[in-house]
Amino acid sequence: MPELPEVETVRDGLDRLVVGAVVRDVEVFREYSVRRHDGGPDSFRDQLVGRRLSAAVRRGKFLWLPLEDAAPTPLVEPAPSVEPVETPATRQPEPTGTHPAAALLAHLGMSGQLLVRGAAVSIAHAPGPAAVLVPEPAPGTDDWQHPHLRVRLHLTDAPSGARYLDFVDQRTFGHLSVQDLVPVAGSIPAGYGSDLPLLPEPVAHIARDLLDPGLDLDDLIRRVRRRRTQVKRALLDQTVVSGVGNIYADEALWRAKVHWARQTDKLRTADVRRVLDSAAEVMREALAQGGTSFDELYVNVNGESGYFDRSLAVYGQENEECRRCGALVRRDAFMNRSSFSCPVCQPAPRNLR
DNA sequence: CATAGAACCTGTATGC
DNA sequence: TGCATACAGGTTCTAT
């Protein structure tokens with residue numbers, strides 16, 4: 001569900017509200033949500049407790065929070081037991097430098113949300129309110145625990161006052177894990193001020209996204225044209241270019257006046273360039289609006305919706321008039337989903353009709 | 001290697 | 001009302 005603008009909105013919120021915080025405890029309510037973590041829920045908790053969230057970084061739809069060792073203070077009150085037992089809760093944090101570079105990696109899948117609770121700072125996007133107080137959850141109130149709460153991080157030392165970072169996910173395609181950071185030549189994901197060429201292992205194969213300053217657009221155009229597939233499939237292939245999903249692919253193709261089923265190897269360089277430029281443009285515009293949301297399934301870390309759905313030209317607009325020519329927007333089946341396009345502005349290739 | 005399709009989950013909307 | 005089916009913003013695994 002969340003595509004680049006939505007994930008970037010979340011990354012920005014985490015940057016402002018939870019970077020600098022120390023993880024004091026971790027609750028995993030659904031094991032499946034940490035299935036990508038090597039070692040299971042206990043190991044996941046072990047590798048987070050006592051560590052500081054030092055940045056918020058994104059590539060495409062993946063986002064991660066690099067970890068560093070927090071000040072070596074006891075994590076919890078020493079248990080008043082007669083026999084001291086070594087448990088994850090009582091273990092002292094290891095001295096700085098003993099951990100390999102690692103990060104808390106998140107993918108929101110189709111319905112994942114990261115909600116910051118207890119912060120007294122707003123990250124509201126226009127045209128929303130200028131400032132809102134995110135309430136601290138209180139037992140007994142409706143927002144105490146979201147029905148799809150899968151993982152909760154308990155935080156301290158957040159400059160914003162954030163107390164909890166909640167991972168909420170209805171469809172459970174999203175996931176959290178702790179991953180080693182591995183060097184990948186030349187990559188500069190959003191969130192790194194300079195070149196820190198470190199990516200979580202599961203992100204190493206993900207291509208740069210269209211808002212990455214390190215993107216080589218001409219090289220990307222060549223790679224797209226070297227493929228033998230439909231242009232929309234190439235747009236959605238995260239190893240070709242990342243961040244584009246079903247919504248922005250359709251919007252980009254409409255802006256570029258290219259039908260989704262056109263073969264990449266038959267497109268002219270100028271057409272491919274226009275499609276990619278359009279995709280970058282529509283995602284930048286969506287980002288400025290706080291992303292696209294049709295319902296409560298996508299919200300930013302404050303629980304607020306984005307407003308870009310009002311700007312969508314074709315996605316979800318079946319039988320509505322094309323904003324350019326007035327023809328009725330059509331919907332086609334595509335990869336167990338839908339493609340929306342204008343039958344006049346985006347003529348279908350011959351092999352399709 | 002490149003490409004296409006199924007699988008992974010939960011929930012809502014729609015039609016019979 | 002009950003039940004079946006279709007559909008939803010994504011990625012990974014498997015088969016070809």
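So you know, we letter chains A, B, ... as the sequences are listed, proteins then strands, and number each from 1. Hydrogens, waters and symmetry mates play no part in the numbers below; they use all other heavy atoms, side chains included.
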| request: Would you indicate what A/Arg226 reaches in the nucleic acid, counting non-hydrogen atoms under 4.0 angstrom: base, sugar-phosphate, or nothing? | output: nothing
#### Entry: Pair A/Asp332 + A/Arg330: basic N to acidic O under 4.0 Å
yes
Please tell me if A/Thr229 has a side-chain N or O lying less than 4.0 Å from either OP1 or OP2 of B/dA4. yes
Just list the side-chain donor-acceptor pairs under 3.5 Å for residues 265-272 of chain A, sequence neighbours left out, or say none.
unit_1	atom_1	unit_2	atom_2	d
A/Asp265	OD2	A/Arg228	NH1	3.2
A/Arg268	NE	A/Asp271	OD2	3.0
A/Arg268	NH2	A/Asp271	OD1	3.4
A/Arg268	NH2	A/Asp271	OD2	3.3
A/Thr269	OG1	A/Arg225	NH1	3.0
A/Asp271	OD1	A/Arg274	NH1	3.1
A/Asp271	OD1	A/Arg274	NH2	3.4

From CG of A/Asn246 across to P of C/dG9 the rounded distance in Å is 5 Å
In whole angstroms, the gap separating P of C/dG9 from CD of A/Gln113 amounts to 16 Å
Discussion item. Quick check on C/dA8: is either OP1 or OP2 less than 4.0 Å from any side-chain nitrogen or oxygen of A/Arg171?
Written reply: no
Tell me what A/His175 touches on the nucleic acid: a base, only sugar-phosphate, or nothing, going by heavy atoms under 4.0 Å.
nothing
Judged by nearest nucleotide, the residue sitting upstream toward the 5' end of DNA chain B, A/Asp237 or A/Pro147, is A/Asp237
note: A/Leu236, atom CG; B/dA2, atom C1'; distance rounded to Å ~ 17 Å
**Asked** Counting only side-chain N and O atoms of A/Gln170, is one of them less than 4.0 Å from OP1 or OP2 of B/dG11?
**Response** no
Regarding the side chain of A/Arg150, the nearest nucleotide among C/dG9, B/dT10, B/dC8 is B/dT10
(Q) Quick check on C/dA8: is either OP1 or OP2 less than 4.0 Å from any side-chain nitrogen or oxygen of A/Ser338? (A) yes
Quiz item: P atom, B/dC9 versus C/dT14: distance in rounded Å?
Solution: 14 Å
Heavy-atom closest pair (A/Val23 atom, A/Leu48 atom, distance to 0.1 Å) is CB-O, 3.3 Å
To the nearest angstrom, the CZ-P distance between A/Phe308 and C/dG9 comes to 16 Å
Rounded to whole Å, the NE2-C1' distance (A/His205 to B/dC1) equals 16 Å
Picking from B/dC8, B/dT10, C/dT11, the nucleotide nearest the side-chain atoms of A/Phe62 would be C/dT11
Check this one for me: any side-chain N or O of A/His148 less than 4.0 Å away from OP1 or OP2 of B/dG11?
yes
Can A/Asp15 and A/Arg11 be counted as an ion pair, charged N to O under 4.0 angstrom?
yes
Heavy-atom closest pair (A/Ala207 atom, A/Thr239 atom, distance to 0.1 Å) is CB-O, 3.5 Å
Out of C/dA8, C/dT11, B/dC9, minimum distance to the side chain of A/Phe173 belongs to B/dC9
Between CG of A/Asp250 and P of C/dA8 the distance, given in whole Å, is 11 Å
Rounded to whole Å, CG of A/Leu108 lies from P of B/dC8 at a distance of 22 Å
Practice problem: Apply salt bridge (Lys or Arg N to Asp or Glu O under 4.0 Å) to the pair A/Arg30 and A/Asp169, showing each step before the final yes or no. | Solution: CA-CA 10 Å; A/Arg30 163 121 9 166; A/Asp169 190 15; over 6 Å; no
Side-chain contact check for A/Arg227: nearest option of B/dT3, C/dA8, B/dC9 is B/dT3
Against the side chain of A/Lys61, the closest entry in C/dT11, B/dT10, C/dG9 is C/dT11
So that I can tick it off, tell me whether A/Arg255 and A/Asp277 are bridged by a salt bridge, with the cut-off set at under 4.0 angstrom between side-chain N and carboxylate O. no
Taking C/dA8, C/dT12, C/dT11 as options, the one with an atom nearest any side-chain atom of A/Gln238 is C/dT11
Checklist entry - Just checking A/Tyr248: base, sugar-phosphate only, or nothing, at a heavy-atom cut-off of under 4.0 Å? => result nothing
ask   = Would you say B/dG5 has OP1 or OP2 under 4.0 Å from some side-chain N or O of A/Arg233?
value = yes
Taking pairs as Watson-Crick (N1-N3 plus N6-O4 or O6-N4) or G-U wobble (N1-O2 and O6-N3), each distance under 3.5 Å, the stems of three or more consecutive pairs with DNA chain C are B:2-8 with C:10-16, B:10-16 with C:2-8
Could you check whether the rings of A/His107 and A/His175 sit parallel, tilted or perpendicular, using 30° and 60° as the cut-offs?
parallel
Rounded to whole Å, the CD-P distance (A/Glu318 to C/dA6) equals 16 Å
(message) Roughly how many Å apart are C/dG9 and B/dT14, using the P atom of each and rounding to a whole number?
(response) 16 Å
Looking only at B/dA6, C/dA8, C/dT11, the nucleotide nearest the A/Met110 side chain is C/dA8
OP1 or OP2 of C/dT11 sitting under 4.0 Å from any side-chain N/O of A/Arg36?
no
Query raised in the report: Any side-chain N or O of A/Tyr315 less than 4.0 Å from the OP1 or OP2 oxygen of C/dG9?
Result: yes
The single option from A/Trp254, A/Tyr315, A/Phe334 that satisfies ring-ring contact (aromatic ring centres under 6.0 Å, His included) with A/Trp260 is A/Phe334
